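Nothing here was measured: the structure is a model prediction, and the numbers come from that model. Keep in mind that the numbers below use all heavy atoms, side chains included, and drop hydrogens, waters and symmetry copies.
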2 protein chains.
Amino acid sequence: MLNIEKEQKKKGTKERIRDVAIDLFSQKGYNAVSIRDIARLVKIHESSIYSHYKGKEDIMDSIITSLIEAFNIPAEINLGILPDEYDPQTLINDATMPMIEQLKNPFIRKIMRLMCIELYHNDKILDFFKNQYIEPSYTFWSHVFQKMMDQGYIREYDADLLSREFFSYCIYLLFEIFLFNYNETEYNSLIDDIMNKLSNHIKFIFDMIGLKESKD
Amino acid sequence: MLNIEKEQKKKGTKERIRDVAIDLFSQKGYNAVSIRDIARLVKIHESSIYSHYKGKEDIMDSIITSLIEAFNIPAEINLGILPDEYDPQTLINDATMPMIEQLKNPFIRKIMRLMCIELYHNDKILDFFKNQYIEPSYTFWSHVFQKMMDQGYIREYDADLLSREFFSYCIYLLFEIFLFNYNETEYNSLIDDIMNKLSNHIKFIFDMIGLKESKD
DNA sequence: GTCTATAAGTGGATAGAC
DNA sequence: GTCTATCCACTTATAGAC
């Protein structure tokens with residue numbers, strides 16, 4: 001029992017260190033934050049951090065693991081989630097909603113912001129972003145558009161190009177939010193703004209690629 | 001005469017410091033580079049740097065001035081450069097060519113990379129990027145598309161939205177190049193890749209917004 | 001303008017008492 | 001597991017000799 005208590009206390013501090021580190025790293029960037037800054041906010045001595053982590057980089061590695069878990073992207077794309085009969089616009093809305101939902105979670109916001117900020121400086125983040133986030137998304141959307149074409153919902157067009165046209169804008173929005181329009185205190189209006197822009201983008205794509213008049 | 005010689009020598013060192021700083025900052029980021037790193041490469045003592053700049057931040061400020069000068073964006077948009085009769089695709093190509101040309105200049109590449117990397121960490125860069133680069137570009141392209149509509153080259157559509165659809169992708173490409181696909185040693189194939197993607201994007205926009213069959 | 005010398009501070013990290 | 005004490009490498013920056 002006493003061991004379990006100790007274990008929980010230990011685990012608690014370790015997580016507090018990680019959470020404070022996420023706060024600081026996502027605000028100031030990895031390089032601008034010191035072990036001492038973290039220790040000060042956790043309210044333990046800086047040397048105590050080394051009882052939980054090997055060092056500063058070890059904390060960052062632990063955060064990156066959280067990042068990967070938070071996104072939890074399946075290795076293989078499950079296209080079974082796409083019903084055979086479905087209104088394209090609704091489908092896209094449903095598929096982009098998780099992105100909006102993620103933005104409402106402050107932990108995810110911090111961790112996404114950290115990802116954007118440290119993308120260039122951290123090889124592990126870069127690898128995750130390129131190979132586990134961007135690339136599978138392009139593949140996913142390519143399949144979605146191909147399916148829509150096969151079912152006659154949209155005009156025939158290169159599915160990979162369509163996927164790029166659609167999803168590149170989503171990544172652009174990611175950078176717009178976290179690199180050059182970030183305001184944690186007003187994230188509600190920020191989310192409204194993003195939803196509005198995303199909605200306009202989807203509207204544009206379907207105004208252009210939809211069947212409408214041209215089918216007759 | 002002797003004064004001029006001294007002046008030139010002084011100016012030479014000052015510029016060498018700035019150039020080395022651009023190299024290092026754009027590779028490692030501002031925080032990861034020390035005055036000593038710069039002095040070592042310029043082959044002067046670190047203290048000598050303070051004869052030319054007030055300190056590290058002063059060097060960065062000087063670089064930001066170069067950045068602003070390099071882009072040299074006019075305060076007011078000159079739509080006179082747009083001829084009245086012009087093939088839309090060619091017009092867009094001509095207007096995007098300067099972007100490609102800029103990428104061929106190694107100095108501009110470094111300074112753009114630095115801009116992307118330090119966007120979040122540096123308020124002056126952020127201000128330049130948002131207010132002097134992004135915003136005027138959106139306005140410019142909005143006017144271009146409006147003019148095309150007025151002349152009947154493209155379908156009627158919200159010009160601001162079209163501008164966003166077109167130019168957001170350009171900014172996305174900027175980040176793709178400098179944040180997550182950068183390779184200075186193979187920048188030739190990189191430029192080919194960018195030209196290809198940009199060309200596909202322009203093709204997409206005009207496949208969608210062009211008159212073609214629908215006018216008949 | 002460049003150097004030496006040095007100040008004064010911050011950084012990450014470890015040893016050992018409790 | 002947390003603390004005190006300490007190390008030492010590295011940082012920006014200045015004063016003053018040449």
Side-chain angles (χ1 to χ4, degrees), chain A residues 1-64 114 117-118 121-124, chain B residues 1-64 118 121-124:
Chain A
M1 286 297 169
L2 227 87
N3 269 341
I4 293 174
E5 269 181 2
K6 272 189 183 174
E7 202 68 32
Q8 281 179 332
K9 222 170 194 174
K10 184 186 175 183
K11 202 187 170 189
T13 305
K14 186 165 188 175
E15 283 184 345
R16 260 162 58 223
I17 294 169
R18 194 208 52 186
D19 289 346
V20 165
I22 291 174
D23 273 354
L24 293 178
F25 288 159
S26 69
Q27 275 170 39
K28 306 180 182 180
Y30 178 80
N31 272 320
V33 175
S34 70
I35 292 282
R36 279 169 192 168
D37 293 331
I38 299 169
R40 199 176 303 126
L41 282 181
V42 180
K43 283 170 183 163
I44 55 169
H45 199 93
E46 63 185 280
S47 59
S48 300
I49 288 182
Y50 294 91
S51 299
H52 302 277
Y53 296 94
K54 280 182 218 160
K56 195 182 169 185
E57 209 184 319
D58 192 30
I59 301 176
M60 189 61 171
D61 285 346
S62 150
I63 292 174
I64 296 172
L114 181 55
I117 295 173
E118 296 299 326
H121 302 86
N122 187 300
D123 286 340
K124 289 159 200 151
Chain B
M1 286 297 169
L2 228 86
N3 268 341
I4 294 174
E5 270 181 1
K6 271 188 183 175
E7 203 68 33
Q8 283 179 332
K9 222 171 194 174
K10 185 186 175 183
K11 200 185 172 190
T13 305
K14 185 163 188 174
E15 283 184 344
R16 260 161 60 224
I17 293 170
R18 194 208 52 186
D19 289 346
V20 165
I22 290 173
D23 273 354
L24 293 179
F25 289 158
S26 68
Q27 274 168 40
K28 305 180 183 181
Y30 179 79
N31 272 319
V33 175
S34 70
I35 293 281
R36 278 174 194 171
D37 293 331
I38 298 168
R40 200 178 302 125
L41 282 180
V42 180
K43 280 168 184 166
I44 55 169
H45 199 91
E46 62 184 282
S47 59
S48 300
I49 287 182
Y50 294 91
S51 299
H52 302 277
Y53 296 93
K54 280 181 218 159
K56 195 183 169 185
E57 210 183 320
D58 192 32
I59 302 176
M60 189 60 171
D61 286 346
S62 149
I63 292 174
I64 295 172
E118 297 299 326
H121 303 86
N122 188 300
D123 287 340
K124 290 162 199 149

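The distance from atom CD1 of B/Ile35 to atom C1' of C/dA7 is 17 Å, rounded to the nearest whole Å. Going from atom CD1 of B/Ile17 over to atom P of D/dT12 covers 14 Å, rounded to whole Å. If you measure from atom CD1 of B/Ile49 to atom P of D/dT14, you get 13 Å, rounded to the nearest angstrom. The CZ atom of B/Arg16 sits 12 Å away from the C1' atom of C/dT2 (whole-angstrom rounding). Protein atom CD1 of A/Ile38 is 15 Å distant from nucleotide atom C1' of C/dT10, rounded to whole Å. Here the P atom of nucleotide D/dT12 and the OH atom of B/Tyr50 are 6 Å apart, to the nearest Å. If you measure from atom NZ of A/Lys56 to atom C1' of C/dT14, you get 18 Å, rounded to the nearest angstrom. As rounded to whole Å, 11 Å separates atom P of D/dT14 from atom NZ of B/Lys54.
You'll find the side chain of A/Ile117 reaches within 4.5 Å of the side chain of B/His121, heavy atoms only. By the 4.5 Å heavy-atom criterion applied to side chains, A/Leu114 and A/Met60 are counted as neighbours.
Listed by chain and number, the residues in a side-chain contact (heavy atoms from CB on, under 4.5 Å) with A/Asp37 are A/Leu24, A/Val33, A/Ser34, A/Arg40 (sequence neighbours excluded). With sequence neighbours left out, the side chain to side chain donor-acceptor pair (under 3.5 Å) criterion links A/Lys28 to no other residue. Scanning for side-chain contact (heavy atoms from CB on, under 4.5 Å) contacts around B/Ser47 gives B/His45, with sequence neighbours left out. Applying the side chain to side chain donor-acceptor pair (under 3.5 Å) criterion to A/Gln27, with sequence neighbours excluded, gives no partner residue.
Classified by interplanar angle (parallel below 30°, tilted 30° to 60°, perpendicular above 60°), the ring pair A/Tyr30/A/Phe25 is tilted.
Residues from residues 26-34 of chain A with heavy atoms under 4.0 angstrom of DNA chain D: there are none.
Applying the salt bridge (Lys or Arg N to Asp or Glu O under 4.0 Å) definition to pairs two or more places apart or across chains, those involving residues 17-27 of chain B are B/Asp23-B/Lys110. For residues 53-62 of chain B, the set of pairs meeting the side chain to side chain donor-acceptor pair (under 3.5 Å) definition, not counting sequence neighbours, comprises B/Asp61-B/Lys124. Residue pairs meeting the salt bridge (Lys or Arg N to Asp or Glu O under 4.0 Å) criterion with at least one member in residues 43-53 of chain B, sequence neighbours excluded: B/Arg36-B/Glu46.
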Identify all pairs in which a protein N or O lies below 3.5 Å from an N or O of nucleotides 3-7 of chain D, and state each distance.
residue, atom, partner, partner atom, Å
D/dC3, OP2, A/His45, N, 2.3
D/dC3, OP2, A/Ser48, OG, 3.2
D/dC3, N4, A/Ser47, OG, 3.3
D/dT4, OP2, A/His45, ND1, 3.1
D/dT4, O4, A/Ser47, OG, 2.8

Enumerate the protein-to-nucleotides 16-18 of chain D contacts in which both atoms are nitrogen or oxygen and the separation is below 3.5 Å.
none

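Remark: side-chain polar atoms of A/Ser26 are paired, donor with acceptor, to backbone N or O of A/Ile22 under 3.5 angstrom.
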